Participant: 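Quick one: this structure, given as structure tokens, is what I'll be asking you about.
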Amino acid sequence: MAMDRIAIIGGGPGGLMLARLLHLAGLAPVVFERDAHAGERPQGGSLDLHGETGQRAMRLAGLEAEFTAAARPEDQGDRLYDVDGTLLFDRNEPADDRPEIDRTILRRILLDSLAPGTVRWGRRVVGITPVDGCYAVVGDGWRECFDVVVGADGAWSRVRPLLGDAVPAYEGVTLVELGFDAERHPAIDALTGSGKLFAVGDNRVLITQRNGLGHIRGYAGLRLDEATALAWQALSPAELRAALRAAFAGWAPALKEMIETGEFIAVRPLHALPIGHRWTSQPGLTLLGDAAHLMSPFSGEGVNLALADAVDLAEALTAGRNWRAVTAYEETMAARAALAAEGAAEGLNGAFSSEGARPVLEHYRARTSGI
């Protein structure tokens with residue numbers, strides 16, 4: 001089958017990495033992105049790139065120098081508090097080589113590496129239809145045909161329904177995302193330390209994470225039923241702050257300062273695809289990243305998996321020039337993602353448990369000791 005005309009749906013790190021690698025192989029993929037421009041929406045907080053996945057992808061893409069210049073190896077520390085504000089764990093030195101980088105900066109590095117016109121901004125895809133040996137990618141008043149369509153379009157992918165009926169399920173946990181400026185919030189700055197802070201209680205967490213340019217990203221998380229989680233998305237900032245005050249009423253004042261002073265960014269109910277999600281391979285259609293294996297962020301693997309997927313899929317699309325290579329990629333990707341998804345589920349359930357901070361403390365100690 002022909003595999004030269006390639007459409008990538010979604011301009012996140014995984015889709016952009018795939019476009020970069022295909023470009024290096026002599027192809028000219030097209031990335032369809034619904035945003036009107038790169039700065040239209042906040043891109044999230046800080047990411048740690050792992051050596052064998054994310055960092056390897058940057059090397060293969062010829063972007064190691066750009067990554068190294070922007071990464072923050074000094075921001076890999078961990079702190080853990082209980083609800084009384086007792087410091088249970090404090091590590092300033094990194095446990096492994098996983099330097100941080102802001103998601104916005106990573107995306108900018110990838111965008112700058114692409115040929116002009118590769119990303120089609122403001123192109124929201126409304127349908128994908130097989131037509132005369134190709135797939136028509138359809139938007140509002142436009143359509144283009146491609147040999148291969150890659151769904152890199154995240155949790156609510158437009159491509160995934162063409163391959164099966166799996167849909168993300170609510171995991172029973174909702175995060176309220178908060179923003180802080182380190183200079184204007186010295187108490188939060190001091191509390192956060194040299195990387196990431198977890199404060200863990202009975203099915204509740206408070207998190208802060210140091211970002212670049214003097215910013216700190218925060219999260220207040222708790223178990224909510226799905227109807228309540230949806231209702232929280234419609235609350236005003238004042239109503240949301242009142243709801244969080246009630247949820248964290250018994251916590252130490254220094255920790256509750258996050259709730260009192262944070263700028264509300266979004267309410268994010270957490271969803272995940274079934275662990276081990278697979279589909280029957282279909283020539284011309286495939287997935288990578290969250291579109292293929294959405295999981296909670298409590299494994300730290302999401303963007304690393306997406307970048308690893310891009311490496312393997314680029315090789316499959318260019319080396320064998322037949323769909324058997326892509327089918328093999330799909331199996332390798334699914335097996336790798338299943339292991340990470342198991343870890344993500346375990347991490348979520350450890351953080352949001354009736355046992356308080358104990359499971360998280362055990363995880364930190366085991367990671368530090370290398371167990």
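Because the structure is a prediction, the values reported are computed rather than measured.
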Participant: Applying salt bridge (charged side-chain N to carboxylate O under 4.0 Å, His left out), which residue pairs with at least one partner in residues 33-43 are found, sequence neighbours left out?
Facilitator: E33-R107, D35-R41

Participant: Does E171 reach the side chain of L348, with side-chain heavy atoms less than 4.5 Å apart?
Facilitator: yes

Participant: Can you tell me how far the CG atom of L270 sits from the CG atom of L175, to the nearest 0.5 Å?
Facilitator: 4.5 Å

Participant: State whether the side chain of T86 and the backbone N or O of D82 hold a donor-acceptor pair below 3.5 Å, judged by distance alone.
Facilitator: no

Participant: Report whether F89 and Y81 are members of the same hydrophobic cluster (ILVMFWY, side-chain heavy atoms less than 4.5 Å apart, transitive linking).
Facilitator: no

Participant: Would you please classify the geometry between the H271 ring and the Y170 ring as parallel, tilted or perpendicular, with 30° and 60° separating the classes?
Facilitator: tilted

Participant: Might you confirm whether atom CG of D140 has over 12 heavy atoms from other residues, nucleotides or ligands at distances under 6.0 Å?
Facilitator: no

Participant: Run the salt bridge (charged side-chain N to carboxylate O under 4.0 Å, His left out) check on R120 and E144 step by step: do they pass?
Facilitator: CA-CA 12 Å; R120 309 278 180 86; E144 294 185 51; 2.6 Å; yes

Participant: Less than 3.5 Å apart, which donor and acceptor atoms pair up between the side chains of residues 222-231 and the rest of the protein, not counting sequence neighbours?
Facilitator:
from, atom 1, to, atom 2, distance (Å)
R223, NE, N203, OD1, 3.1
R223, NE, F352, O, 3.2
R223, NH2, N349, OD1, 3.3
R223, NH2, F352, O, 2.9
D225, OD1, A227, N, 3.2
D225, OD1, T228, N, 2.8
D225, OD1, T228, OG1, 3.0
D225, OD2, T228, OG1, 2.9

Participant: Report the C-alpha separation of S46 and R72 in whole Å, then their side-chain angles, then the decisive distance to 0.1 Å, and conclude whether the side-chain hydrogen bond (donor to acceptor under 3.5 Å, both in side chains) test is met.
Facilitator: CA-CA 10 Å; S46 189; R72 306 189 319 278; 3.0 Å; yes

Participant: How about CZ on R143, more than 12 heavy atoms from neighbouring residues, nucleotides or ligands closer than 6.0 Å, or not?
Facilitator: no

Participant: Look at R160 together with D153 and state whether they make a salt bridge at an N to O cut-off of under 4.0 Å.
Facilitator: no

Participant: Check side chain to side chain donor-acceptor pair (under 3.5 Å) between R278 and all other residues, then give those that pass, not counting sequence neighbours.
Facilitator: E331

Participant: So which atom in L307 and which in G54 form the shortest heavy-atom distance, rounded to 0.1 Å?
Facilitator: CD1-CA, 3.8 Å

Participant: So with a 6.0 Å cut-off around CD of E315, is the heavy-atom count from everything else above 12?
Facilitator: no

Participant: Begin with the C-alpha distance, continue with both residues' side-chain angles, and end with the deciding distance and a verdict on side-chain hydrogen bond (donor to acceptor under 3.5 Å, both in side chains) for H215 and D102.
Facilitator: CA-CA 10 Å; H215 297 298; D102 285 5; over 6 Å; no

Participant: Linking Ile, Leu, Val, Met, Phe, Trp and Tyr through side-chain heavy atoms less than 4.5 Å apart, which residues share a cluster with V167?
Facilitator: none

Participant: Fit a plane to each ring of F146 and F32, take the angle between them on a 0 to 90° scale, and name the class: parallel (under 30°), tilted (30 to 60°) or perpendicular (over 60°).
Facilitator: perpendicular

Participant: Quick check: do E74 and E100 have side-chain heavy atoms less than 4.5 Å from each other?
Facilitator: no

Participant: Going by ring pair (Phe, Tyr, Trp, His ring centres under 6.0 Å), name the residues that satisfy it together with W279, two or more places apart in sequence or in a different chain.
Facilitator: H277

Participant: Looking at I8 and P29, what are the two nearest heavy atoms and their distance?
Facilitator: CD1-CB, 4.1 Å

Participant: Among residues two or more places apart or on two chains, list those pairs meeting salt bridge (charged side-chain N to carboxylate O under 4.0 Å, His left out) that have a residue in residues 252-272.
Facilitator: E177-R268, R245-E260

Participant: Between the side chain of R210 and the main-chain N/O of D189, is any donor-acceptor distance below 3.5 Å?
Facilitator: yes

